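Every chain is numbered from 1, with letters handed out A, B, ... down the list of sequences. If you're wondering where the values come from, they're calculated on a predicted model, not measured in any experiment.
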Number of protein chains: 2
Amino acid sequence: MRVTIADVARAAGVSKSTVSRVLNAKAEVDAGTADRVREIIARLGYVPSSRAVGLARGSSRTVGMLAPSLTWPWMSEVLQGAVDAVEAAGYGLLLFTCNRGRESMTRFAAQVSARAFDGLLVVEPEDEIGAVVPMHRAGLPVVLIDDRARHPAFPSVSTTNGLGGELAARHLLALGRRKPLVITGPPRFGCVRERLAGFVRALEEHGVGHDPRRTVEGDFTERSGEEAVEKLLAEGLDVDAVFAHNDLGAAGALRALRAAGRRVPEDVAVIGFDDIPFAACTDPPLTTVHQPLRAMGEAAANLLLAHVGGHPPPETSVALPTELVVRASAPHP
Amino acid sequence: MRVTIADVARAAGVSKSTVSRVLNAKAEVDAGTADRVREIIARLGYVPSSRAVGLARGSSRTVGMLAPSLTWPWMSEVLQGAVDAVEAAGYGLLLFTCNRGRESMTRFAAQVSARAFDGLLVVEPEDEIGAVVPMHRAGLPVVLIDDRARHPAFPSVSTTNGLGGELAARHLLALGRRKPLVITGPPRFGCVRERLAGFVRALEEHGVGHDPRRTVEGDFTERSGEEAVEKLLAEGLDVDAVFAHNDLGAAGALRALRAAGRRVPEDVAVIGFDDIPFAACTDPPLTTVHQPLRAMGEAAANLLLAHVGGHPPPETSVALPTELVVRASAPHP
DNA sequence: CTGAAAGCGCTTACAG
DNA sequence: CTGAAAGCGCTTACAG
């Protein structure tokens, strides 16, 4: 049999109430009694049952995290950050994905209704945000991470996408490049629009116009990066730089440029976005706009934890700073 | 107020016992009564509280997963597989890492003592396995994934590492290569010893001896792959192939070979191990021994779920098949 | 086939 | 400062 609060109470010669007070560090316990109880607890190796505590208190000291898929290259860092923060707070992290489509969401909704966790972290919601809204309305604390659709109803954590675009543009300008190709992600994502806007803004501030034909829509895959380069070259447009909205796309661009006989960075400087581990391993290694992914996961978790803990919902959304990581594909001037 | 089983019972004009029986699909309920109760449940949108069910039943329909770190390149796939299987079974997955060292393990142990989950998945245990043994002994079902130390006390899921080594060797032999460099991982890992043994065995079966100087110990980093190649070349040994025990190491080898002016695959054919997504993006794309990571995660979760469900612990350990994925770094003969 | 009651292991007013 | 009792929302023998 596992040891319960009753066992501790009996061994200490006090009531369960008193043991509970010691456990929860309530002030009104006699110091001597408290010490004795603590000693018994240690001796018996007693740990309160999380299920019983949860039922009695009406909360589970657990938060949920819903992500579309775990295999996106930057999910790992975000997840690690969230796990670290949640763990540090003594909470547990219950992980869900929408990997199996409708069925996933049905099961997930059941867990929400069952009050399996006290708050929810949602990563990059697209379709599933529709399902999250009513949960939030029903009282579930929610924090979004990298909200691509810019849903204003939720607190969220993101990164300075616009500034990231500016950083890329300024670096290319400093390298003397004036004819950049921009390979975007799907324009329905807020982050994509912000990265593009920041990039173009910085060019214009330097008196460099951006020919719309130099903006090619991609879908964040390596293949789409390749195709974007091929398309531009086929159109006969000059290129002396590439700014891809993610590292995978930039890797595709590197490949297409090599295939076309263009040297990187001599002929074409290439900058990516994200700074996934893989970025340091391309040939040449990729200059890229670093997203503080782990910090974003941590910040989101801490925001949620504060919210769950009953604190007033803090700043509705925070944007952590991007920074340019310079490697050989677009070296220092 | 949230709706409870008492509300349903009242609305249906039955006792809580009966509602509970319907909920848990016990046989002994009148069909008509059951239908009526189900209708009320649907109308009220009632979902049983997981905390209350857990307390009453003594189990939480949740499994834990402990991983050293989430940012290893192949963790994502394993985790996704585990999440999928756990989710399909209607369970929740509580995620823990040892990322914060001792403190992580202390907190984790507390969760175990608190009976926060019914079973545990442990990924690639090294140090933490010492902490898991007593938990297992105390009755916690445990399944290991990719147990590098070959701990016999636990059921585990791994891959056919020896066969993977053989596949690599046979492919290189078919390409006419006779002087391979093997870049291993830390030899304390069982998987490393198996990969090497399988590789050497296949060579010898073809009458090709393996000079021990051609085996260089790495540590699974890209840098160690680079260094292994540099070392061998510095020693003046001939090389016409590389078999690295992971893809990162193979990527390092590619880089060092290029730096040394060796063409891949013409001069040196290169084979990696793992088949992480990045393997398709190297230059040239990497031929590698594919580990069925997602399937391993799924299999481990299903093994654990069966165990938790009270089924007799099935085969003590399963090894899922590796297969060779041929890309340009070591093309078809 | 169905219900009343006890029990799961805690917390928390309420008295004292 | 401390204890007895009710309550959290279920499940499960035990009767009938």
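- B:Phe117 and B:Phe108 have parallel rings, their planes meeting at less than 30° on a 0 to 90° scale where 60° marks the start of perpendicular.
- Of the possible donor and acceptor atoms, none in the side chain of B:Arg61 sits under 3.5 Å from a partner among the backbone N and O of B:Gly92.
- Spacing between atom CD1 of A:Ile5 and atom C1' of D:dG3 amounts to 13 Å, rounded to whole angstrom units.
- Considering only side-chain N and O atoms, B:Lys26 lies under 4.0 angstrom from the phosphate OP1 or OP2 of D:dT12.
- Place A:Thr18 and B:Pro48 on DNA chain D by their nearest nucleotides, and A:Thr18 ends up nearer the 5' end.
- Atoms NZ (B:Lys16) and C1' (C:dA6) sit 11 Å apart, rounded to a whole Å.
- Ring-plane geometry between B:Phe220 and B:Trp72 is classed as perpendicular, the angle between the planes exceeding 60 degrees on a 0 to 90 degree scale with a lower cut at 30.
- A donor-acceptor pair is defined here as one N or O able to donate and one able to accept, closer than 3.5 Å; such a pair exists between the side chain of B:Arg2 and the backbone of A:Ser113.
- Note: CZ (B:Arg61) to P (C:dC8) measures 22 Å, nearest angstrom.
- When the P atom of C:dA6 is taken as reference, atom CZ of B:Arg57 falls 23 Å away, rounded to whole Å.
- Nearest to the side-chain atoms of B:Asn24 among the listed nucleotides D:dT11, D:dT2, C:dC1 stands D:dT11.
- Here the side chain of A:Val14 is nearest to one of C:dC10, D:dG3, D:dT11, namely D:dG3.
- In the set D:dG3, C:dG7, C:dC10, the nucleotide with an atom closest to the side chain of B:Ala56 is C:dG7.
- Counting any heavy atom pair closer than 4.0 Å across all strands shown, B:Ser20 reaches a base atom.
- Put simply, CG on B:Asp7 is 9 Å from P on D:dG9, counting in whole angstrom units.
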Measure all distances between protein nitrogen or oxygen atoms and nitrogen or oxygen atoms of nucleotides 13-16 of chain C, and list the pairs falling under 3.5 Å.
| from | atom 1 | to | atom 2 | distance (Å) |
| --- | --- | --- | --- | --- |
| C:dA13 | N6 | A:Arg21 | NH2 | 3.4 |

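- Between A:Ser15 and D:dT2, a side-chain N or O to OP1/OP2 separation shorter than 4.0 Å is absent.
- The distance between atom CG of A:Leu55 and atom P of C:dC10, rounded to the nearest whole Å, is 12 Å.
- When atom types are taken as modelled, the side chain of A:Ser50 and the backbone of B:Ala114 share a donor-acceptor pair closer than 3.5 angstrom.
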- Message: Apply side chain to side chain contact (heavy atoms under 4.5 Å, CB included) to residues A:Ile145 and A:Val122 and explain how you reach the verdict.
- Response: CA-CA 6 Å; A:Ile145 301 177; A:Val122 183; over 6 Å; no
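- For the pair A:Arg2 CZ and C:dG7 P, the computed distance is 19 Å after rounding to whole Å.
- When rounded to the nearest whole Å, the span between CZ of B:Arg51 and C1' of D:dC8 equals 9 Å.
- Residues satisfying the side chain to side chain donor-acceptor pair (under 3.5 Å) test with A:Asn302, not counting sequence neighbours, are none.
- We find that B:Glu103 and B:Arg107 are joined by a salt bridge, their nearest charged nitrogen and carboxylate oxygen being less than 4.0 Å apart.
- Helical stems of DNA chain D (runs of at least 3 Watson-Crick or G-U pairs, donor-acceptor distances under 3.5 Å) are listed by first residue: C:1-3 with D:14-16, C:5-12 with D:5-12, C:14-16 with D:1-3.
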- Let me see the working for A:Leu305 and A:Tyr91 under side chain to side chain contact (heavy atoms under 4.5 Å, CB included), right down to the final yes or no. CA-CA 9 Å; A:Leu305 256 9; A:Tyr91 273 63; 4.0 Å; yes
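- Heavy-atom nearest nucleotides on DNA chain C were determined for B:Ala52 and for B:Ala31, and the one closer to the 5' end corresponds to B:Ala31.
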- Item | Check against side chain to side chain donor-acceptor pair (under 3.5 Å), B:Ser104 and A:Glu87 | CA-CA 7 Å; B:Ser104 296; A:Glu87 177 181 299; 2.7 Å; yes
